[in-house]
Amino acid sequence: MIFVNGYSVNTDQISGFNQLTATQKQIGLKLKNSRESFYYRSPHQFLFEVIMRSNIVAAAYAMRDSGASFSTFVNARCNPQYWRRTAYGGFLLRPDANPSDAITDIFINGKRYGFECTTAIMIMLYKAVLETIGAKMFNQLFNGLLLYSTEHDADLQIIAVPSGDSLPGDVKYIKNPEHHPNTPQWQGENVIDLGNGQVFGHGIGTGTIGEIIDVLNRKRIPGATVPAFLTAEIIRPNYRLMSEYTRHPVRRLLGGVI
């Protein structure tokens, strides 16, 4: 359910909703029909969440098609034009590079990059923020960017929800408790909900939760008896706080059409 200023509302009561894309409208309806309750102080906060969720899904597909490969931290690689590889396998933004250009390059020149699935999640979230708030604000917020595992800039405000309905753009984790000790990269897979019954996990690709579990089950120690499983926790940005990053919210989000 969605609440604006304390009142339960339908999506058609929110100014600007009808100007969203078909995909964004579907996401808005999923929020409305969720068993979770989503509270907003203004219609803008709701629109921001819907649009950024759609941009996370778009970033997942773009990551899948980018050519970026899965790699452990030891073998991580990046484009030195934009990033400096750290000793521990992270990517530190070069001081002469714009954050927006550096993030965009991962999706354009993906074959020059290799990283593991947690770093991939952060990259996709940054890409979604960039597409939602624009390059100017993104560059102001994320100068000095470091990409490494779950490390993230404080302005990428991420929260953990113990349980709830998985919605498009949400991050979930599939744990593989009896993975082979020689391949710790298969201890689990971070995935993004694509909203159509499928998820995307860097290194495995798109598929259903069951299909991702099947892949992980083939990566267990001999004689393993505990299968991989989807954990309950959901990771998502704090959309309501991040909506403040747009100066003229409804105009900015809807391309100035209202």
Side-chain angles (χ1 to χ4, degrees), residues 1 22-38 49-50 52-66 68-72 107 110 115-128 149-150 152 158-181 183-239:
M1 298 180 67
T23 298
Q24 291 164 353
K25 288 178 181 177
Q26 290 176 359
I27 293 174
L29 289 172
K30 287 185 178 184
L31 289 167
K32 172 66 177 71
N33 296 327
S34 173
R35 291 170 295 179
E36 290 187 66
S37 294
F38 296 90
E49 176 162 349
V50 169
M52 185 166 160
R53 281 181 177 274
S54 73
N55 285 334
I56 294 173
V57 172
Y61 283 115
M63 175 70 75
R64 180 195 66 182
D65 299 335
S66 69
S69 62
F70 179 89
S71 176
T72 61
F107 294 85
F115 40 78
E116 47 67 70
C117 66
T118 50
T119 301
I121 292 292
M122 295 300 118
I123 293 170
M124 288 182 279
L125 292 180
Y126 282 123
K127 174 65 169 172
S149 188
T150 57
H152 59 276
I158 294 176
I159 57 175
V161 180
S163 63
D165 289 342
S166 184
L167 296 162
D170 279 345
V171 179
K172 299 281 288 181
Y173 184 64
I174 302 171
K175 186 174 183 178
N176 191 17
E178 292 190 335
H179 65 280
H180 199 287
T183 54
Q185 64 268 31
W186 294 115
Q187 64 188 286
E189 182 75 1
N190 293 281
V191 297
I192 285 182
D193 188 327
L194 299 176
N196 56 1
Q198 295 205 324
V199 296
F200 170 72
H202 180 62
I204 294 180
T206 55
T208 65
I209 290 292
E211 289 169 339
I212 304 298
I213 287 175
D214 287 343
V215 171
L216 292 177
N217 282 340
R218 295 195 290 272
K219 307 295 183 180
R220 294 181 296 166
I221 58 174
T225 58
V226 180
F229 62 93
L230 178 67
T231 60
E233 187 176 69
I234 296 172
I235 303 298
R236 58 176 61 131
N238 189 330
Y239 297 103

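The backbone N or O of Ser149 lies less than 3.5 Å from a partner atom in the side chain of Thr119, making a donor-acceptor pair. The backbone N or O of Ala228 sits nowhere less than 3.5 Å from a side-chain atom of Arg220 that would complete a donor-acceptor pair. Put simply, the side chain of Gln187 never gets that close to the backbone of His179: no donor and acceptor are under 3.5 Å apart. With hydrogens and angles disregarded, a donor-acceptor distance shorter than 3.5 Å links the side chain of Asn176 to the backbone of Leu216. When atom types are taken as modelled, the side chain of Lys219 and the backbone of His180 share no donor-acceptor pair closer than 3.5 angstrom. Not one N or O on the side chain of Arg53 forms a donor-acceptor pair closer than 3.5 Å with the backbone of Val50. Remark: the backbone N or O of Arg35 is paired with a side-chain donor or acceptor of Asp165 at under 3.5 angstrom. Looking only at distances, no side-chain donor or acceptor of Ser163 sits under 3.5 Å from a matching main-chain atom of Ala232. Put simply, the side chain of Ser66 gets close to the backbone of Met63: a donor and an acceptor are under 3.5 Å apart.
Side-chain contact between Val171 and Ile158 is absent, with no heavy-atom pair separated by less than 4.5 Å. At a threshold of 4.5 Å between non-hydrogen side-chain atoms, the residues Leu230 and Ser166 do not count as touching. Side-chain contact between Thr72 and Glu116 is absent, with no heavy-atom pair separated by less than 4.5 Å.
Here the CG-OG1 distance, from Asn196 to Thr208, works out to 10.5 Å after rounding to the nearest 0.5 Å. Here the CD-CG distance, from Gln24 to Leu29, works out to 12.0 Å after rounding to the nearest 0.5 Å. With values rounded to the nearest 0.5 angstrom, Arg236 atom CZ is found 7.0 Å from Glu49 atom CD. Atoms CD1 and CG, on Ile212 and Asn190 in that order, are 11.5 Å from each other to the nearest 0.5 Å. With rounding to the nearest 0.5 Å, the separation of CD1 in Ile56 from OH in Tyr239 is 3.5 Å. Annotation: the span from Met1 atom CE to Leu31 atom CG amounts to 12.5 Å, rounded to 0.5 Å.
Contacts of Arg218 classified as salt bridge (Lys or Arg N to Asp or Glu O under 4.0 Å), with partners at least two apart in sequence or in another chain: none. With sequence neighbours excluded, no residue forms a ring pair (Phe, Tyr, Trp, His ring centres under 6.0 Å) with Phe200.
Contact between Ala59 and Phe107 at its shortest, heavy atoms only, is O-CE2, 3.5 Å. Contact detail for Thr206 and Arg64: the closest heavy-atom pair is CG2-CD, 3.6 Å. Contact detail for Gly169 and Val57: the closest heavy-atom pair is N-CG2, 3.7 Å. Listed here is the closest heavy atom pair of Val226 and Pro177: CG1-CG, 3.4 Å. Contact record, Ala160 with Ile235: CB-CD1, 3.6 Å, taken as the closest heavy-atom pair. For the pair Leu194 and Ala60, the tightest heavy-atom approach, listed with the atom from each and the gap, is CD2-CB, 3.7 Å.
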side-chain contact (heavy atoms from CB on, under 4.5 Å) between Trp186 and Ile204, worked out: CA-CA 10 Å; Trp186 294 115; Ile204 294 180; 3.8 Å; yes
Verdict with reasoning, Ile192 to Ile121, per side-chain contact (heavy atoms from CB on, under 4.5 Å): CA-CA 8 Å; Ile192 285 182; Ile121 292 292; 3.7 Å; yes
side-chain contact (heavy atoms from CB on, under 4.5 Å) between Lys172 and Val199, intermediate numbers included: CA-CA 9 Å; Lys172 299 281 288 181; Val199 296; over 6 Å; no
His202 and Phe115: CA distance, side-chain angles, deciding distance, ring pair (Phe, Tyr, Trp, His ring centres under 6.0 Å) verdict: CA-CA 9 Å; His202 180 62; Phe115 40 78; 4.7 Å; yes
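Sorted by first and then second residue, the ring pair (Phe, Tyr, Trp, His ring centres under 6.0 Å) pairs with a member in residues 206-230 form an empty list; sequence neighbours excluded.
Counting heavy atoms of neighbouring residues, nucleotides and ligands inside a 6.0 Å radius, atom NZ of Lys175 does not exceed 12 of them.
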